[in-house]
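Predicted, not measured: the structure shown is a model, and the values here were computed from it. Naming convention: chains lettered A, B, ... in sequence-line order (proteins, then strands); numbering from 1 in each chain.
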Number of protein chains: 2
Amino acid sequence: MNHIRSELVAVLIAVQDEMPLVLTLDQGRNLPSGPLETAHRSLQRGMRLWIEQQTQCHLGHIEQLYTFAEATGADIGGRDHPRLIRISYMGLTRLGETQEGWRGLYEYFPWENRREQGADQLDAEIGRALLQWAGRDAARLWRCAETFGLDGQPWNDELVLHRYELLWEAGLLPESRHHAPWLVPGRCMPSDRRRILATALARLRAKIRYRPVVFELMPETFTLWQLQRTVEAIAGRPLHKQNFRRLILAQDLVEETGEAETQLQGRPARLYRFRGTVIGTRHLMGSKLPIARSI
Amino acid sequence: MNHIRSELVAVLIAVQDEMPLVLTLDQGRNLPSGPLETAHRSLQRGMRLWIEQQTQCHLGHIEQLYTFAEATGADIGGRDHPRLIRISYMGLTRLGETQEGWRGLYEYFPWENRREQGADQLDAEIGRALLQWAGRDAARLWRCAETFGLDGQPWNDELVLHRYELLWEAGLLPESRHHAPWLVPGRCMPSDRRRILATALARLRAKIRYRPVVFELMPETFTLWQLQRTVEAIAGRPLHKQNFRRLILAQDLVEETGEAETQLQGRPARLYRFRGTVIGTRHLMGSKLPIARSI
DNA sequence: GCTGGTTATGCTCTCATTGAGCATAATGGA
DNA sequence: TCCATTATGCTCAATGAGAGCATAACCAGC
């Protein structure tokens with residue numbers, strides 16, 4: 001027989017003040033997790049109920065990420081059994097009243113946030129360290145260039161996990177097996193939890209392009225500019241404003257509420273609402289969100 | 001404590017004679033599976049070794065699909081524990097010498113193979129049955145149209161799982177909870193294994209578009225036409241020949257071997273080989289494969 | 001050797017999408 | 001009233017994808 005403990009791990013993501021946030025425990029060192037007890041018909045459903053019970057958040061989109069096994073187990077009957085299976089999920093939500101435990105996602109991946117100026121400098125430092133690690137190995141050099149957009153290559157925001165793994169291999173992370181002389185800044189998590197985080201961000205960035213899941217992160221009504229800022233927060237880079245509007249409006253994803261939001265300066269912006277919740281279906285399969293190639 | 005049995009399930013896929021094949025057991029009614037015993041550092045690695053040991057296939061690309069829980073367990077301590085966790089993987093391979101157990105994938109999903117003429121008729125029958133199920137429910141009608149390309153909507157080959165689930169819900173499959181008067185033809189599998197198959201095909205069709213995994217299904221050298229036929233086999237529909245060539249050649253995915261293959265008729269075709277195996281990296285991240293919108 | 005059938009390969013044309021920027025509209029404050 | 005600021009509308013060029021014509025290179029038969 002083969003007895004194994006199993007655990008659900010949740011990566012809950014919200015966006016506030018143009019920054020993606022993740023729900024953490026233990027001073028940002030851990031992710032919400034629990035034993036796989038209340039599994040209902042499906043894991044998905046069990047996960048949703050469990051999370052909504054634990055945190056008071058209502059979960060919009062929910063998605064299984066990956067299943068990891070930890071082989072820390074001692075030999076049992078001559079075979080190395082994994083002792084713990086971790087099934088990770090990503091969930092999107094709006095920030096409730098309890099702001100406790102939410103941390104900026106980019107605290108864990110500073111290099112993934114390319115919206116501000118400071119990004120360039122960190123980028124250069126990482127590039128230097130990577131090239132040193134790669135040495136003359138052509139495959140390594142090529143990989144560095146592709147994942148980090150070094151050699152004139154374009155930056156691909158979806159390669160979050162690739163970048164994390166590359167940094168890990170290069171010994172540039174505190175959790176790396178062997179350390180390089182210089183380490184990339186960024187908040188850590190024990191075990192492979194930062195890897196799970198990276199998986200979640202990669203998946204979210206990929207998903208946001210071809211399924212309208214951003215709206216799960218938005219309030220009921222919003223301006224197109226707010227929508228764009230939310231997408232930018234997740235994509236980690238700026239988008240072209242006029243083209244963003246064009247793409248959104250061309251797809252009938254949203255409809256005007258008829259009202260407008262007047263901010264401190266400038267012309268008031270029209271308010272919109274997501275049509276997917278109005279129509280029966282939240283998926284709207286044909287529709288893609290922007291971030292074509294951005295800047 | 002929480003003791004659970006766990007199982008690995010493998011969906012092994014190969015392509016032969018322009019048809020995708022899947023490795024099955026038990027007269028095509030089952031998929032290779034086994035307890036999660038020999039897990040090494042990672043599940044992935046354990047899976048690969050286990051599969052390669054069981055079947056004599058060398059696995060190219062391998063990918064985790066999904067983790068299911070079966071909640072058939074009786075109450076233990078007042079809580080409904082899932083008893084079995086199934087972690088499913090998809091692997092790509094070339095057909096070895098042992099052809100035993102390989103079945104045509106489209107025997108399980110006849111409606112997904114849209115390369116021949118007969119597809120139209122089956123399509124019409126399914127369409128009729130679906131519309132009957134949908135009745136006047138707008139959300140249902142919309143969903144049917146989107147997933148099966150009914151109302152002038154384009155056919156989206158990646159929606160394999162959506163279509164399977166829709167057919168299931170509509171009571172058109174033998175494994176459905178309630179049966180409609182007419183059932184869609186197609187080979188069955190007990191439990192949720194046909195669903196796992198559908199997941200694999202959906203994933204493969206999606207992946208083949210933006211990562212050069214087709215080459216894992218190809219022999220060492222091949223003509224562009226053979227390559228196209230393999231892609232078509234997986235995508236389930238025909239592609240435009242000249243455009244396929246253009247796309248492949250434009251991306252430096254392949255290089256000429258210098259030789260040509262002369263078939264029975266016509267001008268001999270040049271032989272190519274995949275560059276990814278020559279260069280260190282098998283991923284070639286920037287590169288997309290065809291099937292843009294096809295015919 | 002020449003001819004027609006057949007398949008491979010090269011090239012063009014058009015249309016849709018995307019990246020980028022200019023121009024105008026509508027607000028508040030000086 | 002004028003100006004700074006933001007929202008919105010529109011144009012233009014570059015690129016990529018769908019479709020089809022034209023040519024090349026082989027075979028079999030005469």
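- Note on residues 219-239 of chain A: pairs passing ring-ring contact (aromatic ring centres under 6.0 Å, His included), not counting sequence neighbours, are A:F215-A:F222.
- For the pair A:T262 and B:P268, nearest-nucleotide mapping onto DNA chain C gives the more 5' position to B:P268.
- A salt bridge is defined here as a Lys NZ or Arg NE, NH1 or NH2 lying under 4.0 Å from an Asp or Glu carboxylate O, and B:D123 with B:R114 meets this definition.
- Of the side-chain N and O atoms in A:R267, none sit less than 4.0 angstrom from OP1 or OP2 of D:dT8.
- When the P atom of C:dT17 is taken as reference, atom NE2 of A:H240 falls 18 Å away, rounded to whole Å.
- For A:R245, the side-chain atoms get nearest to D:dG9 when compared with the rest of D:dG18, D:dG9, C:dG19.
- Atom CD of A:Q242 and atom C1' of C:dT17 are 17 Å apart (whole Å).
- Counting to the nearest Å, the C1' atom of D:dA17 and the CD1 atom of B:I248 are 14 Å from each other.
- When the P atom of D:dT11 is taken as reference, atom CZ of A:R246 falls 12 Å away, rounded to whole Å.
- One can place CG of A:L249 at 12 Å from P of D:dC10, the figure rounded to the nearest angstrom.
- In this structure, CG of A:L247 is placed 14 Å from P of C:dA20, rounded to the nearest angstrom.
- Note on A:R229 versus A:E232: salt bridge recorded, some NZ/NE/NH1/NH2 to OD/OE distance being below 4.0 Å.
- In this entry the distance linking CG of B:N243 with P of C:dT14 reads 16 Å, nearest Å.
- Counting any heavy atom pair closer than 4.0 Å across all strands shown, B:R270 reaches sugar-phosphate atoms only and no base atom.
- Distance CG (A:L271) to P (D:dT6): 18 Å, rounded to an integer number of Å.
- Here the shortest heavy-atom pairing between B:R273 and B:E256 reads NH1-O, 4.4 Å.
- Taking only side-chain atoms of B:Q265, from C-beta outward, the nucleotide of D:dT8, D:dT5, C:dT7 with the closest atom is C:dT7.
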